Amino acid sequence: MNRPFAERAHTAAGVWDALSPNRRLATTSAGAEMALVAGFLGLRTVNVLQLAASQPTGLAESPHPVLDALMVAAFLAETLGLAIVTLRRSSIRLPRLIWADVALGCLLLLGQTLISDSDHMVSWNAWGYAVTLSCALAAGIGLRRPAETALGAGALMACYLLVTLPMSGSHEELSTVGTNSLAYVAFAGLGRAMAGYLRRLGSDADEARQRVTLLAVNAETERHRGLLHDQATILSLLSRDVTDARLQAALRRQAAVGATRIAAFMSGMGDGSPGAGTLGAAVRSAVVQFSDLPLTCTVDLAEGLGVTHPVAEAVHGAVTTLLHNVRRHAGPASCVVHADADPATGWWEVQVRDDGRGFTPETTPRGYGLGSQVGAAMTQIGVRVALSSAPGEGTMVTLTHPALEQPAERPRATPEKPRRRSSVNTSTMIG
Amino acid sequence: VTRQALDGEEPEITRTPQGRVTVASVDDDTLIREGVARLLTGLDVVATFPRVEALLDALPVVDVVLLDLSIPAAAMVGSASKGVSSSQGVSSSTGVLQGVCGVAAVAQAGYRVLIYTNEYRREVLAGCLAAGAHGVVHKSEPLPAIVAAARAVADGQFVVTTALTGLAEVVQRRGSLARLSPRQLEVLRGRARGEPFKSIAARLHIAPKTAEEYMSEVNRRFAEYLRDHSAADLERLLGVGPGDLLDRSSTD
């Protein structure tokens, strides 16, 4: 049976992923460093392979084949040592080794006069130039300061010029020597620039991961706190000797709902908050938990406004928290939850008002519920929260989502925007 | 002292000084009847009745009838529904005058009716306004609020609950209420959100009494709307009619 092309392609891509060093290198600061090590050792491996291919001829033509072989051996040994150390340290930022590499490169260049004919100083027979370019690259990616890189590359270039210039008579030879010498600067400079960029990418990736982790931890903590804050209120009330039958019944219902939410939360299925629907439904779903309160809930005007799941969840949570506060602190004779909306512009408003004890907003610190579960949660979805309260005059919290756009023609039945409350109470903004 | 009318007995109706609001209370609960007579010190409760039929038999001269909506058949023990014509309507389920039928009967007898109830379903309360009630006040309200509501009704004003005010706002927003002035709209908006008259008055730089009068006018127009429209019209307006967009019963 022929497998579909897509399936075969997927398998091939998987094999390639497994083999590709790029895929196996972590996209972190350490991964970037290992990429630099791999790049350098890759270039050095190419040097070694080229050297191996040219050596039989090179040794045959060399005036000092023994010295030539010793120099090659020194280069191979130094390369092997460099490879072992850099791989073990997972880094090429090893200044002593790099300086040693540069020094060996300089020696190899200076030694070229002994192992090559003057005619072959710019050919592969004088292999020092080809292999010492990787020394310049090492100076670029392995030394810490730009001046050190410049010094390393300069030394290599100087040695190369010292050896080749005296033997270059023609204009073409001088041009070739000059061009070749610039390659040291290019390898060192470009290597340094690329290494710097890669390291910065790795560092930024690390920082971003740390930030994301921190945010995730904070978000998880907030979710826990958000879930547990209201449950703590219910448990606190349940622990008291509540004699009111309606409050008892309401608390039991909410405790059951809370238990379900916690179980759902722990099983990773979310916390059972309402899904997308209308604004009115989101408010109603919160209000039904508080049948023990003297509540009046009017949300007809918000039944026509559809809201997304996050908004519904945030509004449900905010209204629930506000009503918990009313139950716990206000002792009201009446409490009104009112929702209004203009689907044409996206404007909406939810108001929770009680005629209970009230408080002085300026001197009363916000609890977690009002500060975070209402203030911060609403700010996240672009909703303004206004608090108005005074001792003995109750509390009013207004959640207002601004109009997104003005309709071309305002329908007759659209709501009048509320005037700013200028009562004796104090108005403050939250979030 | 007012003596309440027990089943089978003629109620004693007391005389009160002029200028005081006189009230008759109809409630099947003895404690409520006793409590109303003794605790509403700002009113002169001149007669109490356990059922609507007894009120209509006695026909006391009062400014306001404080009427309970739910009067079960048990309140009829030892008493026949004498003197009640079939045109006044009898609740088919209980055989006694109660609910909307009771409101209609008392209103048709020429009384200003203030519903005094534990009923919170606003559609039911709206039906009572449509049947001729001048106001609704809940039994859970503080006593001064009940006294104030009775005085307002005696004064010819309409008094409704916050829930009904919210309903009035919906009707207004849907364009079905007679045109309101900007001030009336502001007062309606504030009351629908539970704002006290004192706060509204301070916000609009008017006297609290003026704010109450604005609201009374809105309530009067709302009651007119309810009388002129059926319950089905209201359901359609709210979008909760059978099969309508907000009909939740179809999905339950």
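What you see is a predicted model; the values in this text were computed from it and never measured. So that the names make sense, note that chain A is the first sequence line, chain B the second, and so on, each numbered from 1.
Using a 4.0 Å cut-off between charged nitrogen and carboxylate oxygen, B/R173 and A/D300 do not count as a salt-bridge pair.
Remark: A/M396 CE to B/R193 CZ distance equals 10.0 Å, nearest 0.5 Å. Interatomic distance, CD of B/E169 versus CG of A/L301, reported as 5.0 Å (0.5 Å rounding). Annotation: the span from A/L295 atom CG to B/T162 atom OG1 amounts to 11.0 Å, rounded to 0.5 Å. Here NE2 of A/H338 is found 12.5 Å from CZ of B/R191. Values are rounded to the nearest 0.5 Å.
Crowding of B/R227 atom CZ: a count of heavy atoms from other residues, nucleotides or ligands under 6.0 Å exceeding 12.
Counting only heavy atoms from C-beta outward, the side chains of A/D340 and B/R189 approach each other to under 4.5 Å.
Shortest non-hydrogen contact noted between A/R353 and B/G194 is CD-O, 3.1 Å.
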